[in-house]
Amino acid sequence: MSISVTKRSEDYAKWYTDVVLKAEMAEYGPVKGTMIIRPYGYAIWERIRDIADNFFKETGHVNAYFPMFIPESYMKREAEHVEGFAPECAIVTIGGGKPLEEPLYIRPTSETIIWASYKKWIRSYRDLPILINQWANIVRWEMRTRLFLRTTEFLWQEGHTAHATAAEAEEEAMRILEIYRQISEDYLAMPVLVGRKTESQKFAGAVHTYAIEAMMGDKKALQAGTSHYLGQNFAKAFDVTFLNKSNQLEYVYATSWGVSTRLIGGLIMAHGDDKGLILPPRVAPYQVVIVPIWKSDAEKSQINELVSKLTAGLKSEQIRFHYDHREQETPGWKFNQYEMKGVPIRLEVGPKDVAKNQVVLVRRDPTNDESAGRKQFIPADNAPAIIKNMLEEIQTNLFQRAHDFRDKNTLNAENYDQFKELIEAGSFIRVFWAGNGADEARIQEETKATIRVIPFEQKEKGTCFYTGKPADQIVIFARAY
RNA sequence: CGGGGCGUAGCGCAGCCCGGUUAGCGCGCUUGGUUCGGGACCAAGAGGCCGGAGGUUCAAAUCCUCUCGCCCCGACCA
């Protein structure tokens with residue numbers, strides 16, 4: 001294990017991989033494109049999972065679990081869906097040593113198997129809505145993989161809801177999108193653009209796809225979560241009807257939505273620096289790490305005494321902490337290690353601190369007042385309260401910095417030449433747009449940039465930068481992960 | 001699937017062009033001691049059929065052929 005990571009400015013992709021490996025978040029699995037999520041990385045996922053799960057429960061959703069094997073015939077029911085997913089599916093053809101009568105798809109997403117159940121569950125408008133979420137792993141056979149960002153197997157949650165009206169389903173899709181925005185911005189401190197995807201970018205089988213889109217440290221875009229209004233597409237494919245209040249048979253309206261372990265990749269790239277990870281306090285496995293410094297046994301017991309007072313205070317403030325009293329590592333080694341792991345606040349407790357009843361505090365996040373990485377001395381008795389506030393400050397600071405970075409790197413283009421220049425410099429580009437799918441494909445071909453999102457907030461009208469036609473919407477173009 | 005790289009100790013690498021007896025280095029690991037406020041030091045150890053198969057040769061980590069795997073860059077995608 002070398003002692004540092006590749007600099008972000010030297011090779012961003014390498015930096016990213018170095019951080020994932022050296023912060024002990026994940027490592028490569030034996031099969032190409034697979035990933036072993038190590039305890040530290042998994043702890044972050046657990047934070048995200050708990051936060052999301054709470055939001056879902058608060059809005060009336062329940063969890064369930066559907067099988068990972070999907071009969072081939074199910075996959076093929078919805079034409080657009082199978083066309084979109086078939087190329088990236090893994091399929092089981094042998095079971096118990098014998099060829100199977102019907103091949104089994106390993107779920108790339110669970111719409112089909114879930115809607116086969118919904119058909120059995122839904123008779124009347126009184127059975128609606130159904131608001132189910134599942135936490136699961138899924139498999140998509142990607143050609144090009146990267147730890148957390150795109151792996152062959154990944155963890156996610158997928159919500160699948162059934163509604164009596166289009167309006168209600170649309171509302172649901174939007175409600176979830178707003179939850180995703182909050183998770184991303186309020187917890188991961190990762191600012192996102194909220195809006196709709198273009199036809200070419202939408203989910204296979206959806207009527208429309210909504211998404212949150214974030215900017216990474218290299219100014220590329222990351223789709224961080226999607227919420228789909230599926231209309232009656234899956235209800236028709238699986239013949240799921242209900243009797244409405246006027247006793248008429250009608251197809252059910254649907255949504256589906258998901259966020260995945262990709263969020264962890266986003267987290268890394270939104271905040272990390274050349275020393276490694278920087279975690280927002282709200283998702284950090286531990287928000288505070290305490291490193292003792294001692295020489296003699298006498299010092300050791302004094303320090304332990306101070307630390308136990310300290311940790312009692314942290315507990316009562318509900319601050320997650322880790323006391324690293326291992327003696328085989330030196331304090332300096334630990335400092336670097338926890339900076340790599342992005343722990344928001346480090347406390348040092350040594351003999352000098354015992355004498356003054358104080359602790360040394362160092363925060364991980366970059367700050368404008370140059371306190372970043374600088375040691376502050378705080379009274380031990382007030383430490384929990386001070387830390388409590390500082391964690392909030394760190395959370396806000398990280399969001400603000402990421403937000404400023406994105407704004408600074410979001411530029412307008414009036415025409416295609418200007419667009420090409422700006423995209424080379426790497427940034428989000430706001431443009432008036434009146435083009436079609438073919439125009440979008442051509443632009444992608446020529447510049448590698450795609451329409452990331454059509455923001456909901458639309459005020460102005462103008463002239464399309466590409467076609468020159470009058471345009472009533474602004475879209476965001478960028479190169480994406 | 002196209003282009004590039006890499007497989008030698010747990011990890012990172014050297015050795016390979018120019019074949020030659022016991023295959024090296026750094027980190028990590030073990031034991032003992034000294035250390036500990038920014039990646040400690042000393043001493044003694046453990047650890048490898050050089051990715052796999054075949055060939056050339058008196059002799060192969062090294063040369064040739066085939067093969068497997070992984071990583072990176074491009075076309076598909078959360």
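What you see below is based on every heavy atom in this structure, not just the backbone, and it leaves out hydrogens, waters and symmetry mates.
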K.L.:
Applying a 4.0 Å non-hydrogen cut-off, can you work out what E348(A) is touching in the nucleic acid: base, sugar-phosphate, or nothing?
P.N.:
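Base contact.
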K.L.:
Reckon K334(A) touches a base, only the sugar-phosphate, or nothing at all at heavy-atom distances under 4.0 Å?
P.N.:
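If one applies the 4.0 Å heavy-atom cut-off, K334(A) turns out to touch nothing in the nucleic acid.
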K.L.:
Counting only Watson-Crick pairs (N1-N3 plus N6-O4 or O6-N4) and G-U wobbles (N1-O2, O6-N3), all under 3.5 Å, who is the partner of A59(B)?
P.N.:
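Per the H-bond distance test, none.
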K.L.:
Where along residues 285-310 of chain A does a heavy atom fall under 4.0 Å from RNA chain B?
P.N.:
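Close to the strand are I293(A), W294(A), K295(A).
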K.L.:
Tell me yes or no: between the side chains of Y338(A) and D324(A), is some donor less than 3.5 Å from an acceptor?
P.N.:
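Distance-only check passes for Y338(A) and D324(A).
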K.L.:
Could you name each residue pair satisfying ring-ring contact (aromatic ring centres under 6.0 Å, His included) that touches residues 261-292 of chain A, not counting sequence neighbours?
P.N.:
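Matches after skipping sequence neighbours: Y40(A)-Y286(A), Y286(A)-H322(A).
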K.L.:
For U31(B), give the paired nucleotide (Watson-Crick: N1-N3 plus N6-O4 or O6-N4; G-U: N1-O2 and O6-N3; both under 3.5 Å), or none.
P.N.:
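Partner of U31(B): A43(B).
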K.L.:
Any strand is fair game: report the nucleotide pairing with C66(B) by Watson-Crick or G-U wobble, both distances under 3.5 Å, or none.
P.N.:
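When the pairing criteria are applied, G52(B) turns out to be the nucleotide that pairs with C66(B).
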K.L.:
Please find out if less than 6.0 Å separates the ring center of F85(A) from that of F203(A).
P.N.:
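That pair passes the under 6.0 Å test.
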K.L.:
Taking C11(B) as the reference, what is the distance to U56(B) when you measure between their C1' atoms (whole Å, please)?
P.N.:
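To the nearest whole Å, 35 Å.
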K.L.:
Would R346(A) pass as a cation-pi partner of F335(A), given that its NZ or CZ must be under 6.0 Å from the six-membered ring centre and within 45 degrees of the axis?
P.N.:
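Yes, R346(A) and F335(A) form such a contact.
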K.L.:
Considering every strand and a 4.0 Å limit on heavy-atom distances, what is the contact class for E329(A): base, sugar-phosphate, or nothing?
P.N.:
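Result for E329(A) = nothing.
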K.L.:
Starting at the 5' end of RNA chain B, which residue's closest nucleotide do you reach first, R140(A) or V360(A)?
P.N.:
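Checking each residue's closest nucleotide, the 5'-ward one belongs to V360(A).
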K.L.:
Taking atom C1' in both G55(B) and A46(B), what distance in whole Å separates the two?
P.N.:
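It works out to 37 Å between them.
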K.L.:
For the P atoms, the ones on A61(B) and on G19(B), what distance do you get once it is rounded to whole angstrom?
P.N.:
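Per the computed distance, 14 Å lies between those P atoms.
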K.L.:
So what does L149(A) touch, heavy atoms closer than 4.0 Å: a base, only the sugar-phosphate, or nothing?
P.N.:
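Counting heavy atoms under 4.0 Å across all strands, the contact made by L149(A) includes a base.
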K.L.:
Between G69(B) and C36(B), how far apart are the two C1' atoms, rounded to whole Å?
P.N.:
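So the two C1' atoms sit 43 Å from each other.
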K.L.:
Take the angle between the ring planes of W45(A) and W135(A) and call it parallel below 30°, perpendicular above 60°, tilted in between.
P.N.:
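Perpendicular.
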K.L.:
Under a 3.5 Å cut-off for both distances, is C16(B) Watson-Crick or wobble paired, and to whom?
P.N.:
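In the structure as shown, C16(B) has no Watson-Crick or wobble partner.
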K.L.:
Just the rounded figure in Å: distance from C1' of A75(B) to CZ of R479(A).
P.N.:
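It is 15 Å, rounded to the nearest whole Å.
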K.L.:
Which nucleotide, if any, forms a Watson-Crick or G-U wobble pair with G2(B), using both distances under 3.5 Å?
P.N.:
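WC or wobble partner is C73(B).
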K.L.:
Between W15(A) and Y12(A), what is the ring plane arrangement, given parallel below 30°, perpendicular above 60°, and tilted in between?
P.N.:
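Geometry flag for Y12(A) against W15(A): tilted rings.
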K.L.:
Using the P atoms only, state how far C66(B) lies from G2(B), rounded to an integer number of Å.
P.N.:
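The same atom, P, in both gives a distance of 15 Å.
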K.L.:
Please state whether the rings of Y118(A) and W115(A) are parallel, tilted or perpendicular, taking 30° and 60° as the class boundaries.
P.N.:
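Y118(A) and W115(A): perpendicular rings.
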K.L.:
For residues F419(A) and F477(A), establish whether the separation of their ring centroids is below 6.0 Å.
P.N.:
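Yes: the rings meet the under 6.0 Å criterion.
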K.L.:
Need one value for E339(A): base, sugar-phosphate or nothing, where a base atom within 4.0 Å counts as base even if backbone is also close, heavy atoms only.
P.N.:
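If one applies the 4.0 Å heavy-atom cut-off, E339(A) turns out to touch a base.
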K.L.:
Among C36(B), G38(B), G74(B), find the nucleotide with the atom closest to the side chain of K448(A).
P.N.:
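Closest nucleotide among those given: G74(B).
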K.L.:
Using the C1' atom in both, what is the distance from G32(B) to G24(B), to the nearest Å?
P.N.:
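Looking at atom C1' only, G32(B) and G24(B) are 27 Å apart.
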K.L.:
Side chain of T330(A) only, heavy atoms from C-beta on: which candidate in G38(B), G37(B), A40(B) is closest?
P.N.:
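So the nucleotide nearest the side chain must be A40(B).
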K.L.:
Give me the distance, rounded to whole Å, that separates A44(B) from G7(B) when you measure between the P atoms they each carry.
P.N.:
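32 Å, rounded to whole Å.
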K.L.:
Write down the distance separating the P atoms in C13(B) and U35(B), rounded off to the nearest Å.
P.N.:
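Between the two P atoms, the distance is 37 Å.
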K.L.:
Rounding to a whole Å, what distance do you find between F335(A):CZ and A40(B):P?
P.N.:
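Computing the F335(A):CZ to A40(B):P distance gives 11 Å.
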K.L.:
Regarding G350(A), tell me which of base, sugar-phosphate or nothing describes its non-hydrogen contacts under 4.0 Å with the strands shown.
P.N.:
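Contact class for G350(A): base.
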K.L.:
One thing to verify: whether E445(A) and R442(A) come together as a salt bridge, which I'm taking to mean a side-chain N less than 4.0 angstrom from a carboxylate O.
P.N.:
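No, no charged N to carboxylate O under 4.0 Å.
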K.L.:
Of all the choices, C77(B), C36(B), G38(B), which nucleotide is nearest to the side chain of E88(A) once you look at every atom?
P.N.:
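Given the options C77(B), C36(B), G38(B), the side chain of E88(A) is closest to C77(B).
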K.L.:
Can you give one letter per nucleotide of nucleotides 66-73 of chain B, 5' to 3': B if a protein heavy atom sits under 4.0 Å from the base, S if only from the sugar-phosphate, - if neither?
P.N.:
----SSSS
K.L.:
Report the distance from atom CG of L21(A) to atom P of G28(B), rounded to the nearest whole Å.
P.N.:
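To the nearest whole Å, that distance equals 19 Å.
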K.L.:
Is there a donor-acceptor contact under 3.5 Å linking the side chains of E178(A) and Y210(A)?
P.N.:
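Side chains of E178(A) and Y210(A): no pair found under 3.5 Å.
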K.L.:
Between U34(B) atom P and Q328(A) atom CD, what is the distance in whole Å?
P.N.:
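Interatomic distance, CD of Q328(A) to P of U34(B): 17 Å.
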K.L.:
Determine whether the aromatic ring centres of residues W257(A) and H61(A) are separated by less than 6.0 angstrom.
P.N.:
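Yes - the distance between ring centres of H61(A) and W257(A) falls below the 6.0 Å cut-off.
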